[in-house]
Each structure stands twice: as structure tokens, then as C-alpha cells.
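Atoms within each ligand, like the ligands themselves, are counted from 1 in listed order.
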Amino acid sequence: MDSVGVLMTCPMLDYLEEQLGKRFKLFKLWNHSSLSEFMRANSNSIRAVVGNTQIGADANMIDSLPELEIVSSYSVGLDKIDLKKCKEKGIRVTNTPDVLTDDVADLAIGLALAVFRRISEGDRFVKNGLWKKTDLELGTKFSGKAVGIIGLGRIGSAVAKRAVAFGCPVNYYSRTEKPDTGYKYYSSVLDLASNSEILIVACALTEETYHIVNRQVIDVLGPKGIIINVGRGPHIDEPELVSALVEGRLAGAGFDVFENEPEVPEQLFGLENVVLLPHVGSDTVETSMAMADLVIGNLEAHFLKKPLLTPVI
Ligand SMILES: O=CC(=O)O
């Protein structure tokens, strides 16, 4: 397979780069300053693209690669891939589900705890020597709070399971009610928010879920409410969320994702009740390796004409 051209769109994991380099003819897009020159010279050799949450395969890229057969994404999210175009052109698509579910769900609960119990704030407080002068303000209990989950897929269900272990009643919104969950279903996000004390966004980003958390949702969650986002930045109307936090119309928030990563609204930097992470939901050693192995396994399966491990298309 070492003559098969595989294009990586941006740096991901050293292990993935090494392993792809051992098996395929690897092209690294970020090493080329002129995209058009790169495409002119190499587009006919590239049969696979490996993208991620930053750079996937948009319509432009797909159209520039006439020999493209497969997009193997180093992510579970597919929002950076033009799926419609892939379908039209018969290009296969794979992602990395399941292996990252636990990590993302762990992080959602971690962010909730960090916000409710002031963990990041307390860390800054101690490191800045403030403990000698005063006490950290009281936190808020997390156990038992009504948790509202947007999206009860793999990750949302794993978040729900963890929330139950904290004694939290679980509510959820999804397009359709899931049978036999034991959780309370709401067919509107607005109703979910008005019946929850913490809202956790865990759904896929699609046209329907863009800005699924808007001003109205924020307002019904109210000044005691907390929002956690481990989905995608564009799930939330970010300027509205920032205003709500700055004006005290929300109690706090924890974000792993933002609308224009790696840009983060600077108004959030001074807010102690907001915990910010650089999109690291699946970034553990164990999970990153497992994701890389899936990316490679899907490519190998495709070029050996075997069934894909985790096909999307
Ligand atoms: O955000 C992470 C992913 O989609 O894998």
C-alpha cells in the first residue's frame, strides 16, 4: 500500500503520522505554503484524506482531488466533512465513534464539577497566595441537580449514566424519544432548559442543531443555571451566551468547544464562574491511540477491499 497517496490536512498525533507514513505515501498539507501549487503537483496521487475537527474535507478539497476514494476522519464529529458531496461522488467516509465516548463524557462531568465546585477558581486562588488572606467563596452542590442533556446518542447516554451516579435526575432532548431509558424526554430544548438546572450539549452539529442553545433557552435556564458544551461551538449562540454570563443571567459555564476555534471571546477570560478548555474532549493518550488505530484500520480495510470498521458512508 505504500504507493497509495494519503493526505493529512493538519498535524494531529505523532503516532498517527508515523504509522500512516510507514504504510502509505503520506502528504502533509501543512508543509506546503501554496495550496494551489500542492494540488497541481499532487492531486492525482491522493486517494485518501485524513482530517480532524479543525480541517476535514470540504467541497473545495473534494473537488480538487479527482482520485479521492475515502475520507477517514480522526474525529467522531463529521461537521468538517461535506457529506453530501462525498455521497454524490461515491467517496467513503469513516470516523472514530465509541473509543472516545467515555473520555468526552468524563470531561462533561469534570467541567460541571469544576464550575459548580469552583475547582479551577480554587486552584488559581491557592497558586496566587490568596488563601493566606481570605476564603474562597462557597461553591454550589452538583450531586442531585437536574441535568438536561441535549442529544442522547453515545456521548449523551454516557453523560447520563455518570449523572445518575451523582444522584442527578436526568432529562434529555433529542429528535425522537428513546425507548426505555428511564430519563425524562422533552421534545423541545426550551422545555428541557426550563426543567433543568444544568444543560449539557452533547449532540452532533448539523443544520438543525446550529444555535440550538439561543437566547430564549439561556433565559429559561435562568440565573442559577449552568451550561456545559462538549459538542461543537456553533451549537450555542456564543455572543448571546457571553452577554448572559457577563450580565449575570447565567450562573456559570464550562466549554470545551467554541464557535471560531481557537478564537475564544476575551470577555470570558475574566469570569471566575467560567471554565474554558481547548477542545480536548478525547485528548487522552489511550483514546488518541485508539482513534489513530481506527483511522489506519479503516484505510487499510478500504484499500484491501474489506468492510470498513466504522463506516459513515
Ligand atoms: O470533537 C471531537 C471529535 O469529534 O472527535
Side-chain angles (χ1 to χ4, degrees), residues 8-17 19-20 49-58 61 70-83 86 92-112 149-159 162 174 200-213 227-236 238 253-264 275-299 308-313:
M8 271 183 105
T9 60
C10 56
M12 296 170 209
L13 183 72
D14 288 349
Y15 167 75
L16 176 59
E17 229 174 275
Q19 295 302 316
L20 288 173
V49 165
V50 173
N52 69 357
T53 56
Q54 294 165 39
I55 307 179
D58 60 12
M61 178 178 291
I70 180 166
V71 177
S72 181
S73 192
Y74 178 68
S75 71
V76 69
L78 297 161
D79 47 292
K80 290 284 165 72
I81 302 173
D82 192 324
L83 293 176
C86 288
R92 306 298 311 270
V93 176
T94 64
N95 64 345
T96 59
D98 298 318
V99 292
L100 48 62
T101 300
D102 282 339
D103 279 351
V104 180
D106 288 351
L107 200 75
I109 298 296
L111 279 170
I149 301 173
I150 301 181
L152 202 70
R154 296 181 185 90
I155 293 172
S157 301
V159 171
R162 285 156 176 74
S174 63
I200 301 183
V201 184
C203 57
L205 179 62
T206 61
E207 273 171 23
E208 290 134 43
T209 63
Y210 175 80
H211 282 191
I212 196 164
V213 176
I227 295 184
I228 303 295
N229 191 2
V230 291
R232 287 291 186 264
H235 280 130
I236 301 183
E238 198 165 89
F255 305 127
D256 186 38
V257 288
F258 301 87
E259 277 213 86
N260 298 302
E261 294 172 10
E263 301 299 328
V264 175
V275 178
L276 309 174
L277 291 176
H279 200 152
V280 291
S282 58
D283 284 8
T284 63
V285 174
E286 297 87 339
T287 295
S288 300
M289 302 282 279
M291 289 168 66
D293 286 338
L294 261 184
V295 168
I296 296 161
N298 275 307
L299 291 176
L308 299 179
L309 307 182
T310 49
V312 176
I313 295 176

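Here the closest heavy-atom approach between residue Lys80 and residue Gln54 is recorded as NZ-O, 3.5 Å.
Asn298 and Ser72 form no side-chain donor-acceptor contact under 3.5 Å, judged by distance and modelled atom types alone.
Annotation: the span from Leu100 atom CG to Asp106 atom CG amounts to 11.5 Å, rounded to 0.5 Å. Taken from CG in Leu13 to CG in Asn52, the straight-line distance is 11.0 Å, to the nearest 0.5 Å. With rounding to the nearest 0.5 Å, the separation of CG in Leu152 from OG in Ser157 is 3.5 Å.
The side chain to side chain contact (heavy atoms under 4.5 Å, CB included) test with Ile228 is passed by exactly one of Leu107, Leu111, Val159, Ile109: Leu111.
Contact residues for ligand 1 (protein heavy atom closer than 4.0 angstrom to any ligand atom): Thr53, Ser75, Val76, Gly77, Leu100, Arg232, His279.
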